[in-house]
Amino acid sequence: MGLNETTNGYGSFDLPSSLNVPLRLGDGPPTREELLVHYPAKFTWIQLKTFVNSGDLGLLKRDKKLQIRYNAWAKGIKEQHGSIVNYLINHRLQWGKPDTLSLLASALHDRYPVQPDDPSVTKSQDTQLLPPLPKGVPEYFTADISPTSELISIIQNDWPYSVPPEIEHTLVWTRVPIFHADLIDPSVHARIQQDGLCGFTGSSEPPPSPSTLHECLPALAEWGITMDRLIRSPPASEDEEALVKRAGSQVGEFVLKRWNDEEWETAWFVNPPRLQSVPGLAHIHVFARKKSLEDSHKFNSPEN
């Protein structure tokens with residue numbers, strides 16, 4: 001492995017020199033090169049999956065320095081657009097269209113180049129509301145919603161959590177709710193309001209048990225996270241687990257359709273209201289890892 005490469009257990013990645021990747025502070029979201037050099041991943045893939053399955057989604061964090069940069073950017077965005085919601089609705093979320101604005105490429109589809117001169121990226125004070133939903137749309141998010149539907153916008157997270165280089169952090173924004181009474185049994189309503197929803201695809205192994213969380217806590221040391229500070233519901237019964245799984249079934253099926261499990265492994269989650277950064281606009285987080293040929297063969301072997 002060369003001096004400018006790093007490995008993570010799923011292959012090696014070129015690691016640019018810090019001399020060649022200056023920080024673009026004040027110039028918006030980070031590039032992939034900036035993330036690799038100036039905000040290296042704090043979490044492994046196993047740790048990410050453990051945090052997702054821990055019951056406390058608040059354990060998922062951005063790099064602290066990147067969070068400071070995000071906070072400064074968000075302040076400027078609010079000054080330009082009036083609010084983060086206005087920015088999302090009037091600029092960033094291009095409903096039903098490919099993500100042409102991200103600086104972070106996805107291996108899931110062809111790369112669409114950013115057009116710097118596009119007038120849609122200029123400063124705006126627009127406060128346009130979302131147009132009314134057309135007739136006949138589902139009352140809540142369903143697995144059969146098309147990626148090109150005007151009901152959703154699939155984008156790369158411009159400010160990703162501290163994920164390894166091989167992990168894509170994608171957001172699926174939706175104009176229809178994810179939490180809905182038709183999906184959530186009253187007996188687990190409080191649990192889901194507290195813990196959110198999560199799921200996993202593309203692995204023949206079960207997700208890491210919450211009982212192993214203590215082994216991952218050293219990765220959260222700089223945030224001062226300890227077992228006694230976790231915010232999560234008591235362990236669920238088998239019946240409760242089944243009802244929670246049902247509440248997230250539409251999201252899980254959607255993720256499986258978009259990220260084919262022969263090629264991708266994912267961990268997805270929907271934050272509970274207490275952790276939602278943009279109240280009023282529902283969205284799904286997807287951590288996606290494109291499999292190596294060896295991983296794909298192993299997953300598709302008759303033994304699995």
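Each residue takes its place number in the sequence, starting with 1. Just so it is clear, the values below take in all heavy atoms, side chains as well, and ignore hydrogens, waters and symmetry mates.
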Check whether any side-chain N or O of S149 sits under 3.5 Å from a backbone N or O of I152 as a donor-acceptor pair, and report yes or no.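 No; zero donor-acceptor contacts below 3.5 Å.
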Say whether, by atom type as modelled, one donor and one acceptor occur between the side chain of K290 and the main chain of A107 under 3.5 angstrom.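 Not at all, since once roles are kept as given, no pair shorter than 3.5 Å links the two residues.
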Got a sec, which residues hit side chain to side chain donor-acceptor pair (under 3.5 Å) with [X], two or more places apart in sequence or on another chain?
X: T148; result: S146
X: R24; result: E34
X: Q250; result: none
X: K61; result: none

For L66, which of P29, S162, P30 qualifies under side-chain contact (heavy atoms from CB on, under 4.5 Å)?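 The residue from P29, S162, P30 that satisfies side-chain contact (heavy atoms from CB on, under 4.5 Å) with L66 turns out to be P30.
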Among F51, W268, Y161, find the residue that satisfies the ring pair (Phe, Tyr, Trp, His ring centres under 6.0 Å) test when tested with H285.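 When ring pair (Phe, Tyr, Trp, His ring centres under 6.0 Å) is applied between H285 and each of F51, W268, Y161, only Y161 qualifies.
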Residue list, salt bridge (Lys or Arg N to Asp or Glu O under 4.0 Å) with D158, at least two apart or on another chain: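 Applying salt bridge (Lys or Arg N to Asp or Glu O under 4.0 Å) to D158 gives R92.
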Identify, with sequence neighbours excluded, every residue that meets side chain to side chain contact (heavy atoms under 4.5 Å, CB included) alongside [X].
X: T201; result: V255, L256, T266
X: P134; result: V137, E150
X: R274; result: D56, Q194, I231, P272
X: P40; result: none

Rounded distance (nearest 0.5 Å) linking atom CG of L25 with atom CD1 of I68: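 L25 CG to I68 CD1: 10.5 Å, rounded to 0.5 Å.
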Spacing of CD1 belonging to I145 relative to OH belonging to Y140, to within rounding of 0.5 Å: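 Interatomic distance, I145 CD1 to Y140 OH, rounded to 0.5 Å: 10.5 Å.
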Is the NZ atom of K97 crowded by more than 12 outside heavy atoms at less than 6.0 Å?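 Atom NZ in K97 is not packed in, count stays at 12 or less.
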Which residues pass the ring-ring contact (aromatic ring centres under 6.0 Å, His included) test with F141, sequence neighbours left out?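 Residues passing ring-ring contact (aromatic ring centres under 6.0 Å, His included) with F141: F254.
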Less than 3.5 Å apart, any donor N or O on the side chain of D239 or S237 sitting next to an acceptor on the other?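 No.
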Does anything in residues 185-201 pair up under salt bridge (charged side-chain N to carboxylate O under 4.0 Å, His left out), and if so which pairs, sequence neighbours excluded?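 Those involving residues 185-201 are R191-E240.
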ring-ring contact (aromatic ring centres under 6.0 Å, His included): which pairs involve residues 214-237, sequence neighbours left out?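 Only F43-W223 qualify under ring-ring contact (aromatic ring centres under 6.0 Å, His included).
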K291 NZ/CZ over F299 ring centroid, <6.0 Å and within 45° of normal: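 Geometry flag: set, cation within 6.0 Å and 45°.
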Could you tell me which non-hydrogen atom of R232 sits nearest to which non-hydrogen atom of G55, and how far apart they are?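 So the two residues come closest at CB-O, 3.3 Å.
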Give the ring-plane orientation class for H81 versus H91, where under 30° counts as parallel, over 60° as perpendicular and anything between as tilted.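 Ring orientation of H81 relative to H91: parallel.
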